[in-house]
Structure formats: structure tokens, C-alpha cells
2 protein chains.
Amino acid sequence: MNIQDPAQPIFRALADPTRRAILAMLASGDRPIGDIAAKFDMTRPAVAKHLAILKEGDLISVEAIGRERINKLNPAALKTAQDWLNHFDHFWDDRLSKLKQAVEEKK
Amino acid sequence: MNIQDPAQPIFRALADPTRRAILAMLASGDRPIGDIAAKFDMTRPAVAKHLAILKEGDLISVEAIGRERINKLNPAALKTAQDWLNHFDHFWDDRLSKLKQAVEEKK
DNA sequence: TTTATATGAAACCTTTTGGTGTTATGTCAA
DNA sequence: TTGACATAACACCAAAAGGTTTCATATAAA
């Protein structure tokens, strides 16, 4: 099927619970890495790796201000994941209509 | 944050491109493992492992018919992932309104 | 200028992941 | 009953993931 899948770095980034928690945290405000790392039970370098993976998927962007690097959520990339999932809605509708049809025929 | 995340097995399953391709394939019809494995450039045991992970995330169900085991898509689990992503829509709206506000103030 | 702060980067380790090949089991068909 | 088929189950392996500690660098503040 799709060898080169543009959604791959996004779904890869979303696969880890820490990274999803970071995204949720950034939804309530831009934050530097130190702030983020303080909320988790792991070292800062570990959080830095997670941020790097989120950045690879373009789920966040980073802006350097002085010696701080502010991490910001980029909702556009999340939309790519939503779009992929939305394709299954047609399937969902089909199932429902087939079920309805089956019920009709039983009557 | 959430240590026990119910969405975890789902996002974990979605992280692999082969598994996403399998889901897309099952959207067009229920299939036994042999059919699925034939479409990919890997051995059947490898595909079987992918199916096991999809089943752990409850993204598919399996029905044994004779010596075949038919794999079926379960769209309900996909909805869990959609719901998680949809929470960011509020953020998206906020960003837009803030942008609009900033533009207004510039006038 | 010196010191503290915020971060990046490298080297390393363990577990998980995604694949392989081989063998075993249950079912259909001749 | 015998043979072919569809699949499960195992043991194994290399690479990636997720973490650690240690060290280096740039900026702010005293």
C-alpha cells in the first residue's frame, strides 16, 4: 500500500502517552521545555527527545526567546490525523445502512 | 498525567503504516489473514502479529468460520481516537479568534 | 566578570517492536 | 483415511524506542 505515508510521522508521534500528554498541556498554553519536564516523572533529556519527535511530526513548533525555547502546539498537523480517521466514517455509515436494511428485510 | 490511558492501545496500533493499511483494506470488506498477507511484502506470521495488535486495541474483531478466521473492522474503536483529537478543535477555534482579535486591534 | 539558569548533545543501556523461519494443529476434500 | 490448506504458536534476531548520566554552550543576572 502506501510506502511513503505522509501521516506516518504524525501517528508515530501520537503513539506515546507522554507525547499526547505534552500536546494536551500545550493546548492550554505555550511552554518552554523546563516547564514541561517539571510535570513528568522523567528527566529533561527524555522530555527533549519526545519534543523532538513531536517536532518531526510538525505537531509543535519552537520559538527561541532569549535562552528559552518556547514550544507551541501546531493544530494543522493534528488535522492530518483527523482526516485519515474521517475516511472511515463512510464505512461506519455503510455498516449502519446495511444493518438497517437487514432489519427491514426481517420484517 | 493519565497513567492508565484507555486510548493507548488504539494509538499504539495506529502507529504502524502496515496496520493502518490493513485497516483501510478491511474497510472495503472482511478478510481472512491469508488474503491480507498476500497484499504485503512480508510473511504471514508478521501480518498475524499486526492483527494481534489491532485486536488488542479492539480495532478489529475476529470470527472463526470453518478453518478460516475472518477479520472485521470495528469502527467504534476508531471513534475513540477521533474523540481524543477532537478536543483540540477548541484550541483551534481559540487560536483563530485570537488571531482575529489581533487583526481587529491593528486596524 | 563571575555565577546561575535554560537548554542542547553525546554516549550508553534495557526493553519493545517488527520481522524471520520452523513446527504444530485443526478443518476441508478426495 | 490421507493429503492439502488455513492458521496458530514458538524461538530467535536486528533495529528502534525510551530512558539514563554526563558534559557543553549560550544567555541572564549579581
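Within every chain, numbering begins at 1; the chains are lettered A, B, ... in the order of the sequence lines, protein sequences first and strands thereafter.
One atom, CZ of F11(B), and another, P of dT17(C), lie 17 Å apart when rounded to the nearest Å. Rounded to a whole Å, the CD atom of E56(B) is 12 Å from the C1' atom of dT17(C). The interatomic distance linking I36(A) (CD1) with dA6(C) (P) rounds to 14 Å, in whole Å. Per the geometry, CG belonging to L54(B) stands 11 Å off P belonging to dG18(C), to the nearest Å. In this structure, the CG atom of D30(A) is 17 Å from the C1' atom of dA6(C), given to the nearest Å. Put simply, CG on L51(A) is 13 Å from P on dG18(D), counting in whole angstrom units.
The phosphate of dG19(D) has neither OP1 nor OP2 within less than 4.0 Å of any side-chain N or O from T43(A).
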- prompt: If the sugar-phosphate is the primed atoms plus P, OP1 and OP2 and the base is the rest, what is the B/S/- string for nucleotides 7-17 of chain D, using protein heavy atoms under 4.0 Å?
  reply: BSB-------S

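Rounding to the nearest 0.5 angstrom, the gap separating the CD atom in Q8(B) from the CZ atom in R20(A) is 4.5 Å.
Considering L23(B), I22(B), N74(B), L73(B) in turn, L23(B) is the only one that fulfils the side chain to side chain contact (heavy atoms under 4.5 Å, CB included) rule with L59(B).
Within a 6.0 Å radius of CG in D41(A), other residues, nucleotides and ligands contribute 12 heavy atoms or fewer.
Ion pair E63(B)/R69(B) not flagged as a salt bridge, since none of the NZ, NE, NH1 or NH2 atoms sits closer than 4.0 Å to an Asp/Glu carboxylate oxygen. Salt-bridge annotation for D83(A) and K79(A): present, with a side-chain N of the basic residue lying under 4.0 Å from a carboxylate O of the acidic one.
Its side chain within the 4.5 Å cluster rule, I70(A) clusters with I65(A) among the Ile, Leu, Val, Met, Phe, Trp and Tyr residues.
Comparing I65(A) and A15(A) by the nucleotide of DNA chain D that holds the closest heavy atom to each, the one mapping nearer the 5' end is A15(A).
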